Amino acid sequence: MNLDLPLKSRLPGTGLDTTMVNGMRLLLSSATLLTLFIDPESAGKLSKITWLIFSAYTVHSLLLYVLALLGFSLPQDTLLYWLDVAWYGLIVFSSSSHNNLFFLFFFFAILTSSFQRGFEEGARITLASAGLFAATALFGETDAELSRLLLRTTFLLALGYMIAYWGGSAITQRSHLALLRDVSQLSNPRFGVDQTITSVLEKTRSYFHARSCLLVVQDKGSPHWSLRSAVHTGTEVVTTSAILSDEAASPLLAFPAEKIVLYNHPLSGWLPWTGGVRTLDADSGRWLRHDDTAGASLAELLEAHSFISTPLPLRNGTGRLYIVSTTSLSKTDALFLSHIGAQAFPVIENIDLLDRLASQAASREREKIARDLHDTAIQPYIGLRHGLAALRNEALPDNPLLPELEKLILMSGQVIADLRSYARTFKNGQVQSEPELLVALRRQAAQIHEFYGIDITLHIEGDLHINDRLAAEVFQIVNEGMSNIRKHTSARHGAVKLTCVQGALHISIDNECAAAHVPDFLPDSLAERAAALGGSARVTHNTLGNTSVQIEIPI
């Protein structure tokens, strides 16, 4: 697994670390220069070049520290590490006496590179430091000092490798914790379990720099398997879901149900032991070889160089999580994938359970509303309609209020019809063939057109993949937007457009505007609703004089 830039970018406190490292570099260089003044013999015979090198390195360190304090962007860390190695090589080369301890400065570059960039960069710095120290120190060495040079070079290599290894382990653990935190901080529950699972799959795939992440699950009592995937096509990430039969899912279930599996393609057909399938024995903690046929067949099916798979600790079903990669994966990767499954999916099950409980509670509440709707709502409206009818009958034919009374009677009759329709839907358990959100929005637009004479058209592009909770929030946003057209503008035409594009729901609420200049504004309530869903809102004006409220909600 690569421990370069992508991991460092996830680690907090990078700015503080940079200031501290530059401060330590300045402290070491200043102490070295001070040592030359106090004990010049420690560096052997001093020349102008020696003083120039030590002074220039101190100025270099001071400049980096001041820039870090002022918040200026510094060159890439890797460049600074290699500059340090070059400076230390010059320092060793300019010191005619090799009894000094200036070679220890190489450990500063090894430490900073290892704990900031990981094992690979630390190992490269270690090898370069040892080689440069040996090459520069050989100039002027006598045969009697070669043994000391060999000892110091070996010491630099051995200790540098240990520092690089532990630094890489620290970065790996920090990145592991960062990902576990990310998958634990689940998406807004309004978006439901599907969005949460998709988010976990994509974050896991991205962490391993893999081509795809697969999840195959079967609920208890279900005859089918559910397959979800997050696949990187090279330009974008595509998420898919499908229902599989036992036969179609069998290649993904060819391994022992409770085993963690690691497969790597052998380096060569003549070296089969360099790859194949290995499973983890939980009792002994050892990785044991498994039948390579199933692993090779699955790798060919997935077009993968390697893959890892782990069982999921599900209470109400069974499943496996897969990472499919075009590069080699390690045993550490396989173990960490099992930690991700153990961390994320029990929480997802809890969210699913809470969502079902909420849906059942809502269903019972709807049934109660259906029973009480006639007595508590329909009867008063019927009484109101009768009262309006009686008032109309008593009015003289030339009464100017007759048209308004007729309009009120018609409105109350339509409300009564709607309430009776709702009651029948609740009582008979009827299911809308069209999503309830669209039905409700069309009904609301029709009422605004009939009662206020404002024509609002509704456009839906693509499929709206949102659950009931988010649909309820979207209805409130659009309903408030249409009400704002009626309350705050003189427009007689408007339009509402809903589109799902690239993992986000885009809502556009437009209205015509007769004013030549419209001041900048942002509806506070709509902005707050969008922000509560993790989205944003803005208002735009086009050249035709129309005003548009643009809302984007991640789904």
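Please read all numbers here as calculations on a predicted model, not as lab measurements.
Closest approach of G317 and K220 over heavy atoms only: N-CG, 3.8 Å. Residues G160 and I110 share a closest heavy-atom pair of O-CG2, 3.7 Å. Across all their heavy atoms, L321 and C213 have their closest contact at CD1-SG, 3.8 Å. Counting all heavy atoms, side chain and backbone alike, G341 lies closest to P313 at O-CD, 3.9 Å. P523 approaches V549 most closely through the heavy-atom pair CG-CG2, 4.5 Å. Smallest separation of non-hydrogen atoms from I308 and F208: CD1-CE2, 4.4 Å.
Proximity of N264 to S330: side-chain heavy atoms (C-beta onward) are nowhere separated by under 4.5 Å. At a threshold of 4.5 Å between non-hydrogen side-chain atoms, the residues L227 and L252 count as touching. For the pair L127/L157, a side-chain contact is recorded, criterion being any heavy-atom separation below 4.5 Å from C-beta on. Side chains of L215 and L312 form a contact here, defined as non-hydrogen atoms less than 4.5 Å apart. No side-chain heavy atom of L253 sits under 4.5 Å from any side-chain heavy atom of T318. A heavy-atom distance below 4.5 Å is found between the side chains of L498 and L458. F119 places none of its side-chain heavy atoms less than 4.5 Å from the side chain of I171. Annotation: side chain of L337 is not in contact with side chain of L329 (no heavy-atom distance under 4.5 Å).
The closest donor-acceptor contact from the side chain of S206 to the backbone of E202 lies at 3.5 Å or more, if one exists at all. Within the 3.5 Å criterion, the main-chain N or O of S222 finds no donor-acceptor partner in the side chain of D219. Without hydrogens or angle criteria, R205 side chain to A210 main chain gives a donor-acceptor distance under 3.5 Å. Under the 3.5 Å distance criterion, the side-chain polar atoms of S297 are left unmatched by any main-chain donor or acceptor of A294. Formation of a donor-acceptor pair under 3.5 Å by the S250 side chain with backbone atoms of E247 is found in this model.
Taking CZ of R315 as the reference point, atom CZ of F345 lies at 13.5 Å (rounded to 0.5 Å). Atoms CD and OG, from E121 and S114 in turn, are 8.5 Å apart once rounded to the nearest 0.5 Å. Atom CZ in R529 sits 11.0 Å away from atom CD1 in I507 (nearest 0.5 Å). For the atom pair OG1 of T112 and CE of M24, the computed distance is 12.5 Å after rounding to the nearest 0.5 Å. In this structure, CG on L441 lies 10.5 Å from CD1 on I456, to the nearest 0.5 angstrom. Here the straight-line distance linking atom CG of L179 with atom CD1 of I340 works out to 4.5 Å at 0.5 Å rounding.
Other residues, nucleotides and ligands contribute only 12 or fewer heavy atoms inside 6.0 Å of the CD atom of E300. Environment of CH2 in W166: sparse, with no more than 12 heavy atoms of neighbouring residues, nucleotides or ligands closer than 6.0 Å. Enclosure of atom CZ in F475 by more than 12 non-hydrogen atoms of other residues, nucleotides or ligands within 6.0 angstrom is indicated. Heavy-atom contacts from other residues, nucleotides or ligands closer than 6.0 Å to NE2 of H305 number more than 12. For H224, the NE2 atom is loosely surrounded, since the number of other residues' heavy atoms within 6.0 Å does not exceed 12.
Listed by chain and residue number, T327 satisfy the side chain to side chain donor-acceptor pair (under 3.5 Å) test with S325 (two or more places apart in sequence, or in another chain).
Y263 and H265 have perpendicular rings, their planes meeting at more than 60° on a 0 to 90° scale where under 30° would count as parallel. Using a 30° and 60° split on the angle between ring planes, Y322 and F307 fall in the tilted class, from 30° to 60°.
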Stepwise, does the side chain to side chain contact (heavy atoms under 4.5 Å, CB included) test hold for I509 with I485? CA-CA 9 Å; I509 306 173; I485 296 176; 4.1 Å; yes
Trace of the side chain to side chain contact (heavy atoms under 4.5 Å, CB included) decision for H176 with T172: CA-CA 6 Å; H176 285 182; T172 300; 3.4 Å; yes
Given the rule in the side chain to side chain contact (heavy atoms under 4.5 Å, CB included) test, do D246 and Q218 qualify, once you have shown the distances and angles that lead to the verdict? CA-CA 10 Å; D246 289 339; Q218 184 184 47; 4.0 Å; yes
Worked verdict on K259 versus H290 for side chain to side chain contact (heavy atoms under 4.5 Å, CB included): CA-CA 11 Å; K259 299 291 186 180; H290 188 73; over 6 Å; no
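Donor-acceptor pairing under 3.5 Å is recorded for the side chains of S229 and T240. A donor-acceptor contact closer than 3.5 angstrom is absent between the side chains of R211 and T326.
Considering Q550, H459, K497 as possible partners of S508, the one that fulfils the side-chain hydrogen bond (donor to acceptor under 3.5 Å, both in side chains) test is Q550.
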